[in-house]
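A single structure is presented below for examination.
Basis for what follows: all heavy atoms, side chains included, without hydrogens, waters or symmetry-related copies. Quick note on labels: first sequence line is chain A, next is B, and so on, each numbered from 1.
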Amino acid sequence: MDFLSELRSRLRTALTSLTDSPETFVDMLKPSQDGKFGDFQANCAMPLAKLVKQTPRDVAAALIAKLDVADLCETPDIAGPGFINFRLKTERLADETAKLTRDDRLGVATVTSPRTYIVDFSSPNVAKPMHVGHLRSTVIGNALCRVLQFLGHRVLSDNHVGDWGTQFGMIIYGYKHFRDDAAYRGDPVAELARLYRLVNQLADYHDLVANLPKLREKQAASEMAVATARQTSAAKPADKDAARQAKKVEQELVDLKAEITSAEKKVGVVDANPALKLLADAHPKIGELARRETAKLHAGDAENKRLWDEFVPQCMAALESMYKRFGVQFDMALGESWYNPMLPDIVDELKKKNLAVVSEGATCVFVEGNAAPFIVQKADGAFTYATTDLATIRYRVETLHADASLYVVDSRQSEHFQLLFATAKKMGFDQTEFRHVSFGTVLGEDRRPYKTRSGDTIGLESLLDEAIQNARKIVDENSAHLSEADRANVSVLVGMGAIIYVDLHHNRDSDYVFSWEKMLATNGDTATYNQYAYARVCGILRKGEVDARELRAAGHAIQLTSPAERALALQLNRFTNAVADVSIDYRPNLLTQYLFETANCFASFYNDCPVLTAEPASLRASRLLLCDATARVLKQGLELLGIGVAEQM
RNA sequence: GCGCCCGUAGCUCAGCUGGAUAGAGCAACGGAUUUCUAAUCCGUCGGUCGGAGGUUCGAAUCCUCCCGGGCGUACCA
């Protein structure tokens, strides 16, 4: 059972005579940080003492006198300055655990008032292959969908794909001028990706060539500025501002040099390749022409629309294979193009309501406290992703009746979302929770965004393949007892699980350093450790030839005869709290943490408590039930994260 | 310039709606099981929570300032 909620509820009752606002104090009852303080602790006596002008220990004593918890715990203790420590009655814990072992939902309550959630995640650009940057959004979004759904909410997952932007002009341009028909027939998506990269490269080339002289001029100026600043700083060693200024301009120079080097490198690549250079020279205005293709598409040009209609489904199908590997299913994939017809209305409405003004030719919404404008229509008349996002909000609120809309997107876009939500509110969409579920960057060992040695972004497909290959080595070392097919299957689970788990177990706000070694470690807080714990439980049930269904139906009691059994039982009863905690602030890492603790509790139990040889039979049955429930919690918990398990590994 | 985020053990990270002696994992070191999978368990070592003030009975957590780092910042999404 949910002991935490139950105890809080009892505390609420006890508090009513002491304060008018018990709610703030009820939350101060929490699981104990340390086992020696019991199973739960209430910290509310100290702040209450101030209100009622008594000593904290007296308040604690008064609360205990009013608390009706005799059926749940031993008499609570007062400790330290006035902490109230609760220790569950082991008998009651055993009874409740027995109930949990028979419960389909493993004690996880469904919410009393379900909401409609839109979870917007992954959202790749259909023109380009997915890369490591899409990993976190996909994995976190998937986990949140599963958790919210499991809690009983109505969840609609939406893949807000980029299918209407400038990249499509590039593909169309590439297709018209550079396509390799045989390659396109063989693997259309790969050929389109090649065309995108090629056009992008050539357009970049011309931009950079045009820009380099300006950059070099800037470098000369910057060098002067550095020299001046250094002089100033040297003249007044005590002047901190001068030192800071010197440092700043030095950094600017370093950045500028890096920019120039990178530009020269990119230009050099084309110059050094006669075939590329020939193409570049033949298409000097490629950037502008590609943009024109985009504009034509938006204007309804028949040929471009036909190409678009041909390309998009193929790209979507390619994405689908990736999602399959992650176990991701979208309820809808309403991309930018889908909202295209609604964009003029949005701008009209903003103008009508005097929310948008024209500034420097662009139609903008200005939000108090933000210097940057929210541009809904560019000077050239084109709409932006701001406009699309507003149309999306309207659709989600008015048509889908969303209570909450979550955007699982990179933290770098926080300013955009701040402006978006503020604008939506001004438009009157103020009854819906809009939430930017932001996350940090995946870094390489060099603490820079994760790239290949040569500096390219890492494709998601190859990342997953590599994970599975690496996992295969580990499986081969450890699992000679499995068949070839089973080892292959386990390798997929271990490799995918490792990637997903590492991502989710970090606080989503943080950047994290990607490390194959840590991720695929067979010990520690990893997916493998959890999966292995699951497999060990299954091993017991298999070896004992136990039919789990019969076991659950037999009505055995749970006996908690040792600390390890008691700890495991308590941990299993906390599953409901862990799942609910994820949904409060959309933090899957709270669930990975719980699962690791659970697997850990089980491993201790496994060491201390023989199961199959336990005597008498009632104890054996009790331990088997604990095993079965542990397996189900681990499986269910990992499943909520999008991670699979194998019964043998 | 303005805005957002971050700085916790040698390394990677939790903890941040204030609560007891700041926790994991890895690494290092030492133990355990001829036993249901050793992809295990138990223990030891390891921290001025970037710094200084402030609020509080109590601060890693809240406020202010400083230092250091990242990101964003008008027509890409």
- Identify whether any heavy atom of A:V611 sits under 4.0 Å from a base atom; if not, whether one sits that close to sugar-phosphate; answer base, sugar-phosphate or nothing.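 It contacts base atoms.
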- Query: For the side chain of A:S359, counting heavy atoms from C-beta on, which of B:A74, B:U73, B:C13 is nearest?
  - Reply: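 Minimum distance to the A:S359 side chain belongs to B:A74.
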- Task: Provide the distance between the two P atoms, one in B:G7 and one in B:A74, to the nearest whole Å.
- Result: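 So the two P atoms sit 28 Å from each other.
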- Message: For a quick check of understanding: with a heavy-atom distance under 4.0 Å over all strands, which category does A:T528 fall into, base, sugar-phosphate or nothing?
- Response: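 Touches a base.
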- Query: Between B:U37 atom C1' and A:M649 atom CE, what is the distance in whole Å?
  - Reply: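 That distance rounds to 10 Å.
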- Message: Distance criterion of 3.5 Å, no angle test: do you see the side chain of A:T384 paired donor-to-acceptor with the base of B:A77?
- Response: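 A donor-acceptor contact between them is absent.
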- Report yes if a side-chain nitrogen or oxygen of A:S510 is closer than 4.0 Å to either non-bridging phosphate oxygen (OP1 or OP2) of B:A14; otherwise report no.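 The answer is yes; a side-chain N or O of A:S510 sits under 4.0 Å from OP1 or OP2.
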- Expressed as a whole number of Å, how far does the C1' atom of B:G23 sit from that of B:U61?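 Going atom to atom, C1' in each nucleotide, I get 15 Å.
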- Query: Within this structure, what is the OH-to-C1' distance between A:Y532 and B:A39, rounded to whole angstrom?
  - Reply: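 Rounded to whole Å, this separation is 5 Å.
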- Query: How many Å lie between OH on A:Y594 and P on B:G15, as a whole number?
  - Reply: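 Spelled out: OH on A:Y594 to P on B:G15 is 18 Å.
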- How is A:N589 classified with respect to the nucleic acid when contacts are heavy atoms under 4.0 Å: base, sugar-phosphate, or nothing?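 The residue A:N589 makes sugar-phosphate contact but no base contact.
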- At under 4.0 Å between heavy atoms, what does A:C538 touch on the DNA or RNA strands: base, sugar-phosphate, or nothing?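 Here A:C538 touches no strand at all.
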- Query: Does A:D27 or A:A382 map to a spot on RNA chain B nearer the 5' end, using the closest nucleotide for each?
  - Reply: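 The residue whose closest nucleotide sits nearer the 5' end is A:D27.
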- Message: If you only use heavy atoms from C-beta on, which nucleotide in B:U40, B:C71, B:C36 is closest to the side chain of A:A603?
- Response: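 For A:A603, the side-chain atoms sit closest to B:U40.
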- Looking for any heavy atom pair under 4.0 Å, which part of the strands does A:Y529 touch: base, sugar-phosphate only, or nothing?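 Sugar-phosphate contact only.
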- So what does A:A362 hit on the nucleic acid, given a heavy-atom distance under 4.0 Å: a base, only sugar-phosphate, or nothing?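 If one applies the 4.0 Å heavy-atom cut-off, A:A362 turns out to touch a base.
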- Scan A:C364 against the nucleic acid and name what it touches under 4.0 Å (heavy atoms): base, sugar-phosphate only, or nothing.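 Base contact.
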- Query: About how many Å separate NE2 of A:H506 and CG of A:L504, when rounded to the nearest 0.5 Å?
  - Reply: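 The distance works out to 10.5 Å.
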- Any N/O donor-acceptor pair, A:S479 side-chain to B:A39 base, under 3.5 Å: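 Indeed there is one.
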- Message: Can you check the distance between B:U35 and B:G30, where both ends of the measurement are the C1' atom (answer in whole Å)?
- Response: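 23 Å, rounded to whole Å.
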- Item | Rounded distance in Å between the P positions of B:U44 and B:A22 |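 Rounded to whole Å, the distance is 15 Å.
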- Has A:R447 got a side-chain N or O lying under 4.0 Å from the OP1 or OP2 atom of B:U12?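 Yes, A:R447 has a side-chain N/O under 4.0 Å of OP1/OP2 on B:U12.
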- Query: Do the numbers put A:R536 on top of the ring of A:Y606, so that NZ or CZ is under 6.0 Å from the six-membered ring centre and no more than 45° off the axis?
  - Reply: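 Judged by the rule (NZ or CZ under 6.0 Å from the ring centre, within 45° of its axis), A:R536 counts as positioned above A:Y606.
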- Separation of A:L541 atom CG from B:U37 atom P, in whole Å?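 It works out to 11 Å between those atoms.
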- Whole angstrom is fine here: how far is it from CG in A:L419 over to C1' in B:A77?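 After rounding, the gap between these two atoms is 15 Å.
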- Item | A:R536 CZ to B:C36 P, straight-line distance once rounded to whole Å |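 Spelled out: CZ on A:R536 to P on B:C36 is 11 Å.
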- Distance between C1' atoms of B:A77 and B:C62 (Å, rounded):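 Those two atoms are separated by 37 Å.
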- Quick check, are the ring centers of A:H416 and A:Y385 under 6.0 angstrom apart?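 Here the rings of A:Y385 and A:H416 have centres that are less than 6.0 Å from each other.
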- Message: Looking at A:E252, I'd like to know if its CD atom is crowded, meaning that more than 12 non-hydrogen atoms belonging to other residues, nucleotides or ligands lie closer than 6.0 Å.
- Response: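 Yes - once you tally the heavy atoms of other residues, nucleotides and ligands closer than 6.0 Å, there are more than 12.
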- Message: What contact category does A:Q593 fall into here, base, sugar-phosphate, or nothing, at under 4.0 angstrom with non-hydrogen atoms?
- Response: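 Touches sugar-phosphate only.
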- Task: Examine B:C41: is either OP1 or OP2 under 4.0 Å from a nitrogen or oxygen in the side chain of A:N607? Give yes or no.
- Result: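 No, outside the criterion.
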- Query: Checking all strands, does A:R448 fall into the base, sugar-phosphate, or nothing category for heavy-atom contacts under 4.0 angstrom?
  - Reply: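 It contacts sugar-phosphate atoms only.
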- Watson-Crick or G-U stems involving RNA chain B, each at least 3 pairs long, distances under 3.5 Å, ordered by first number: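 Stems found: B:1-7 with B:67-73, B:10-13 with B:23-26, B:28-32 with B:40-44, B:50-54 with B:62-66.
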- Using the P atom on both, measure B:C49 against B:C2 and round to a whole Å.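 Looking at atom P only, B:C49 and B:C2 are 30 Å apart.
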- Give a yes or no on whether a salt bridge exists between A:D39 and A:R566, defined as a side-chain N under 4.0 angstrom from a carboxylate O.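 Salt bridge present between A:D39 and A:R566.
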- P atom, B:G68 versus B:G51: distance in rounded Å?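 Straight-line distance between the two P atoms is 15 Å.
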- Item | Pair A:R587 + A:D581: basic N to acidic O under 4.0 Å |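 Result for this pair is no, no salt bridge flagged.
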- Query: Just how far, in rounded Å, is P of B:C6 from CG of A:D511?
  - Reply: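 Computing the A:D511:CG to B:C6:P distance gives 10 Å.
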- Message: Salt bridge or not between A:E477 and A:K473? Use side-chain N to carboxylate O under 4.0 Å.
- Response: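 Between A:K473 and A:E477 there is no salt bridge, as every charged N stays at least 4.0 Å from the carboxylate O atoms.
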- Task: Select one nucleotide: of B:A77, B:C13, B:A39, the one nearest the side-chain heavy atoms of A:V494.
- Result: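 Of all the options, the side chain of A:V494 is nearest to B:A39.
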- Task: Give a yes/no on whether any side-chain N or O of A:N507 is located under 4.0 angstrom from OP1 or OP2 of B:C13.
- Result: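 For B:C13, OP1/OP2 do not have a side-chain N/O of A:N507 under 4.0 Å.
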- Query: So A:F421 and A:F434, would you call those rings parallel, tilted or perpendicular, with 30° and 60° as cut-offs?
  - Reply: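 A:F421 and A:F434: parallel rings.
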- Contact pattern, 5' to 3', of nucleotides 19-29 of chain B - B, S or - by protein heavy atom under 4.0 Å: BBB--SSS---
- Can you list the residues that meet the ring-ring contact (aromatic ring centres under 6.0 Å, His included) rule with A:H298, with sequence neighbours excluded?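 Per chain and number, A:H298 pairs via ring-ring contact (aromatic ring centres under 6.0 Å, His included) with A:W164.
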- Item | Residues A:R136, A:D511: salt bridge by 4.0 Å N-O rule |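 Salt bridge flag = no for A:D511 with A:R136.
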- How are the rings of A:F514 and A:W516 set to each other: parallel, tilted or perpendicular (split at 30° and 60°)?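 Aromatic pair A:F514/A:W516 classed perpendicular.
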- Task: Compute the ring centroids of A:H160 and A:Y339, then answer whether they are less than 6.0 Å apart.
- Result: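 Yes, the ring centres sit under 6.0 Å apart.
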- Hey, is the side chain of A:T388 poking within less than 4.0 Å of OP1 or OP2 on B:A77, counting only N and O atoms?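 A:T388 to B:A77 OP1/OP2: no side-chain N or O under 4.0 Å.
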- Task: Classify the nucleic acid contact of A:A535 as base, sugar-phosphate or nothing, counting any heavy atom under 4.0 Å across all strands shown.
- Result: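 Here A:A535 touches the bases of the nucleic acid.
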- Between P of B:C6 and OH of A:Y512, the distance in whole Å: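 Atom-to-atom, A:Y512 to B:C6, this comes out as 18 Å.
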- Item | 5'-most by nearest nucleotide on RNA chain B - A:D608 or A:T166 |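 Result of the comparison: A:D608.
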- Task: Assert yes or no for the condition that the ring centre distance of A:F83 to A:F37 is strictly below 6.0 Å.
- Result: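 Not close enough - the centres of the two rings lie 6.0 Å or further apart.
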- Query: When you compare B:A27 with B:G10, how far apart are their C1' atoms, in angstrom units rounded to a whole number?
  - Reply: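 It works out to 8 Å between them.
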